[in-house]
Colleague: 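Below you will find the structure I want to go over with you.
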Amino acid sequence: MTGLTGAGLGVGVVGGGFMAQMHSRSARLAGARLVGLSSSTPERAAEAAQRLGFERGYGSLEELLADESIDVVHVCTPNALHAEQAAAVIASGRDVVCEKPLATTVADATALTEQAATASVTGTVPFVYRFHPLVREARERVARGETGRLLTVTASYLQDWLLTSEDDNWRVDADLGGASRAFADIGSHLVDLVEFVTGDRISRIATRTRTFVTDRAEHARVTNEDAAAAVVETASGAVGTLLVSQVAPGRKNRLHLEIAGSTESLAFDQEHPETLWLGRREGSVLLPRDEGQNSEAANRYSVAPSGHPQGYPEAFASFVADSYAAGRGASIDGLPTFEDGLRAAVVTDAVLRAAASDGWVDL
Ligand code: SOE
């Protein structure tokens, strides 16, 4: 969805880091008013509010929620704060866009999902890679039966920004980031994309996790994982592998998804989102994002004429625009909601349990 779905909406953001910047930029593009930003101290809030173009900074979420000109709140804080803050937003009657992971425990994610449903509040989670036009194209091809029966899935999400002991971030602190790090942070995107594109569900999982860098600049005895490897089975009987790492030199945000069906394979690379590989026994092709060659489902998210590259910022903006449209009553196909955030929490929990038990976990 493009367009000014946020026109007339007052937006509040909790947090002032990189994700807050992406959310604010997308809210502005949707035509919303950037009303207030809260952070851990009034000083930080004032600085971030000014940097990101908000009218006011607030020293706490309570103060932000007392501002009646705010209609929707984006939660962009460290993971361990999501559940409590999103619950407060829902309790105030506002729609909420909550960063992933929705919560660091399945119990909290379940409670939030139920709370949002009971309050009839729109709760969405930024699984933004769904909003690349060629991801929609891939999903469409599977749904139309062009790929045939799903046989195998090979999926990975590799980064290198936590490669060395000099690299540090709040995410390595399990109290702030959660018991799972790499899987909750980027494996959640991966699982979401696998299930979104295939329409199938992971039904069993066996995993290995590793924490290679246990002592970092400001954190000793790190416990949450740098990398996780999984073997999966799906409900339809397909098999696959997932590999997630934040310590893979040279890889930045290399989310790669390849599925093999009985008649066609599909491969999507998040770092090169303007082409989709269609693998065939004869005549494999690289399909470009091109309105003339893509489905309606893909074209809906094409915001620049073919040949002018679009990518992550546009996908993010489309997600936020769709979240606002849904909050205003539109029925949006493929919108990642709290149900999807809960699903990611359930799979992340299974990853940790499978690693600990050295066996298979059913989902
Ligand atoms: C950090 O690993 C991070 O910013 C993730 O939290 C995002 O979800 C991902 O899109 C990029 O990397």
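Sequence positions, counted from 1, serve as the residue numbers for this chain. Ligands are counted one by one from 1 in listed order, and the atoms in each one are counted from 1 as well.
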Colleague: Are Leu352 and Ile205 joined in one hydrophobic group, where the rule is that I, L, V, M, F, W and Y side chains link up if heavy atoms are under 4.5 Å apart?
Modeller: no
Colleague: Identify whether Val135 and Leu278 are in the same connected component of the hydrophobic contact network (ILVMFWY, side-chain heavy atoms under 4.5 Å).
Modeller: yes
Colleague: Where is the nearest protein heavy atom to atom 6 (O) of ligand 1: which residue, which atom, and how far?
Modeller: Asp185 OD1, 2.6 Å
Colleague: Under 4.0 Å from a heavy atom of Trp161: which atoms of ligand 1 are those, numbered in the order shown and with their elements?
Modeller: 1 (C), 2 (O)
Colleague: Tell me: protein heavy atom nearest atom 12 (O) of ligand 1, and distance?
Modeller: Gln159 NE2, 3.0 Å
Colleague: Examine Tyr324 together with His74 and report whether their ring centres are nearer than 6.0 Å.
Modeller: yes
Colleague: Among all protein heavy atoms, pick out the one at the shortest distance from atom 7 (C) of ligand 1; state its residue, atom name and that distance to 0.1 Å.
Modeller: Lys100 NZ, 3.6 Å
Colleague: For ligand 1, which atoms, with element, lie under 4.0 Å from some heavy atom of Gln246?
Modeller: 2 (O)
Colleague: Taking side-chain hydrogen bond (donor to acceptor under 3.5 Å, both in side chains) as the cut-off, I'd like each qualifying pair that reaches into residues 91-102, sequence neighbours left out, listed once.
Modeller: His23-Glu99, Ser92-Arg94, Lys100-Asp185
Colleague: Among all protein heavy atoms, pick the one closest to atom 11 (C) of ligand 1 and tell me residue, atom and distance.
Modeller: Asn253 OD1, 3.2 Å
Colleague: Does the side chain of Thr164 come under 3.5 Å of the side chain of Asp167 through a donor N or O and an acceptor N or O?
Modeller: yes
Colleague: Once you restrict to heavy atoms under 4.0 Å, what part of Val128 touches ligand 1? Side chain, backbone, both or neither.
Modeller: neither
Colleague: Can Glu99 be said to touch ligand 1, with heavy atoms closer than 4.0 Å?
Modeller: no
Colleague: Taking heavy atoms and a distance under 4.0 Å, where does Phe127 meet ligand 1: side chain, backbone, both or neither?
Modeller: neither
Colleague: Classify the ring geometry between His189 and Tyr129 as parallel (under 30°), tilted (30 to 60°) or perpendicular (over 60°).
Modeller: tilted
Colleague: Looking at ligand 1, would Tyr157 count as a contact under a 4.0 Å heavy-atom criterion?
Modeller: yes
Colleague: Going by atom types only, do Ser295 and Arg136 share a side-chain donor-acceptor pair under 3.5 Å?
Modeller: no
Colleague: Among all residues two or more places apart in sequence or in another chain, which pass the ring pair (Phe, Tyr, Trp, His ring centres under 6.0 Å) test with Tyr58?
Modeller: none
Colleague: With atoms numbered from 1 as shown, which atoms in ligand 1 lie under 4.0 angstrom from a non-hydrogen atom of Tyr129?
Modeller: 9 (C), 10 (O)
